[in-house]
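Take a look at the structure set out below.
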Amino acid sequence: MLDIKLIRENPDYVRQRLATRGAGDEELIQTILQNDERRRKTLAEVEALKAERNRVSKEIGALMAQKQTADAEARKKETRELGDRIAKLDKDAKAFELARDEVMLRLPNLPHETVPVGRSAEENVVVRTHGEKPEFAYQPKSHVELCENLKLVDFARAAKLSGSGFLLYTNWGAKLERTMIQFLLDLHTKEHGYTEVSPPFLVAPHCLEGVGQFPKFKDQYYGIAEGDDTSKLGHLYLIPTAETPVANIHREEILKETQLPIHYCAYTPCFRGEAGAAGVGTRGMIRVHQFDKVELIKIVKPEEGYDELEKMVANAERVLQLLGLHYRVVQLCTGDMGFASAKTYDIEVWSPGQGSYLEVSSVSNCEDFQARRMNLRFKTASGENRFPHVLNGSGTALARLFVALVETHQQADGSVKIPMPLRAFLGTDRISP
RNA sequence: GGAGAGAUGGCAGAGUGGUUUAAUGCACACGCCUGGAAAGCGUGAGUGGCUAAAACCCACCGGGGGUUCGAAUCCCCCUCUCUCCGCCA
């Protein structure tokens with residue numbers, strides 16, 4: 001959520017920055033300003049009336065105490081309709097506030113100045129690449145073929161269980177998946193200083209609202225009903241990312257400055273409806289309804305937000321470096337960034353089987369956009385309450401990492417060589433047919 | 001799922017309709033006292049809004065609604081916590 005004061009005092013600036021996203025949200029500013037103005041006017045009025053009422057009520061109390069009942073009754077009569085006017089104005093003010101906030105919640109974050117302006121992914125900027133595309137003396141196999149040959153994933157039976165877009169890892173595939181989770185958690189906790197947490201996989205809707213997934217993108221997530229009791233639909237949702245529960249851990253708190261920075265790291269499965277996304281490029285493991293991910297979350301002082309962002313990208317890159325994978329880091333342009341983000345880097349790993357790069361990580365600084373929605377603050381040494389920057393980044397998404405791993409390290413004999421850091425965890429240096 | 005109890009300021013804990021628009025204690029900050037400290041004494045201190053800032057003022061006693069001139073206090077609904085029972089990994 002943007003700062004209402006910023007919108008109030010500098011609406012043209014906000015319009016301009018929003019326009020760079022190409023979302024067409026600029027007109028909403030007018031609605032916000034209108035309702036905000038009405039609310040403030042009503043509030044001033046009703047507060048004066050309340051002051052009056054408080055004063056008179058106190059007088060009545062004093063009269064009653066002195067047993068001057070007749071006088072008290074007279075004063076009561078006088079003030080009777082004051083309450084009605086207050087009730088009405090209170091209601092109005094609340095309605096204006098609701099109308100204002102409803103629109104506020106649908107406004108995306110303002111892009112940071114350093115973000116290139118552009119309309120779509122085509123205008124993203126490659127910041128750096130690491131390593132070279134691996135070369136093969138033969139046509140490299142796709143992960144689907146490799147997984148089937150090596151019996152790492154049973155696509156057909158997964159569909160039998162849950163429909164398309166789900167995975168059944170088997171034998172070495174299951175072990176490899178588990179191994180990578182542990183490798184990632186160990187890396188980020190032992191070497192990068194993150195604190196491991198394991199959150200619920202179901203969350204209340206206010207958590208989705210807190211990070212900006214609600215209300216605008218409500219149709220993309222799985223809501224849960226208990227048994228056949230559909231009346232409880234909407235009380236809990238399957239998390240689309242660990243960001244949802246973990247970023248909300250300290251919602252509605254006022255942290256001590258000394259508690260910052262907070263660095264969390266969590267493994268969770270992620271559940272995504274991906275409505276309308278089915279069809280293109282969906283074969284295999286690249287776009288699925290459930291995948292594993294290790295997520296990084298930071299809560300930091302605003303002045304440290306962008307340093308922390310760069311560090312977080314480096315932490316995610318380290319994963320791919322250790323696994324011997326070729327990748328590039330892309331800075332998203334204004335038009336391609338997520339709703340809550342002010343600045344985002346994607347990390348894309350090379351997939352020899354697809355002949356293209358796959359997004360395995362997205363690292364964003366959401367500045368205070370989410371903190372406002374969550375009412376998450378910290379108290380400075382001078383006693384001031386401020387909103388911290390909240391960052392999130394994948395460290396990394398697993399299904400696609402799995403794809404890149406088996407495709408990159410496939411051998412001519414059909415086996416897959418296991419990168420060094422995983423061998424001790426997995427207990428083998430090679431998976432063979 | 002059933003029965004009961006509860007939710008008050010950082011913590012503890014008073015407060016069942018009006019000088020309580022939150023006592024008191026602990027912890028906290030500052031000052032006095034002291035050679036220094038402890039104790040003692042005094043002052044202050046929560047969150048949001050309003051304001052250029054402040055004062056004043058308004059709101060906030062789990063959340064929402066109601067009764068009343070006036071609600072932490074009475075009534076209704078909801079959420080959460082605790083205890084016991086049932087079921088259960």
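Letters A, B, ... mirror the listed sequences (proteins, then strands); counts begin at 1.
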N or O in side chain of A:Arg80 less than 4.0 angstrom from B:C69 OP1/OP2 | yes
With heavy atoms under 4.0 Å as the rule, sort A:Ala62 into base, sugar-phosphate or nothing.
-> nothing
Does A:Arg430 CZ have over 12 foreign heavy atoms under 6.0 Å away?
-> yes
Counting only side-chain N and O atoms of A:Asn54, is one of them less than 4.0 Å from OP1 or OP2 of B:C58?
-> yes
Would you say A:Arg85 has more than 12 foreign heavy atoms packed within less than 6.0 Å of its CZ?
-> no
Take atom NZ of A:Lys77 and atom C1' of B:C69, then tell me their distance rounded to the nearest Å.
-> 13 Å
Along RNA chain B (nearest heavy atom to each residue), the more 5'-positioned of A:Arg40 and A:Gly83 | A:Arg40
Any A:Lys379 side-chain N or O less than 4.0 Å from OP1/OP2 of B:U47 = yes
A:Leu49 CG to B:A59 P, in whole Å, measures 11 Å
Between A:Glu384 (CD) and B:G48 (C1'), how many Å, whole number?
-> 15 Å
Phosphate OP1/OP2 of B:C50: any A:Arg8 side-chain N/O under 4.0 Å | yes
Residues A:Lys50 and A:Asp90 bridged, charged N to O under 4.0 Å = yes
By nearest-nucleotide position on RNA chain B, the 5'-leaning member of A:Lys58 and A:Ala48 is A:Lys58
Write down the distance between CD (A:Glu52) and C1' (B:C58), rounded to a whole number of angstrom.
-> 14 Å
Take the protein atom CD of A:Glu45 and the nucleotide atom P of B:C50, then report the distance between them rounded to whole Å.
-> 17 Å
Could you tell me whether A:Lys293 and A:Glu295 have a side-chain N and a carboxylate O separated by less than 4.0 Å?
-> yes
Whole-Å distance, A:Lys50 NZ to B:C58 P, equals 10 Å
Report which part of the nucleic acid A:Arg377 touches: base, sugar-phosphate, or nothing (heavy-atom distance under 4.0 Å, all strands).
-> sugar-phosphate
How close or far is atom C1' of B:U21 from atom CZ of A:Arg55, stated in whole angstroms?
-> 16 Å
N-O pairing of A:Lys417 and A:Asp429 below 4.0 Å | no
Could you state the CD1-P distance from A:Ile86 to B:G70, rounded to the nearest angstrom?
-> 8 Å
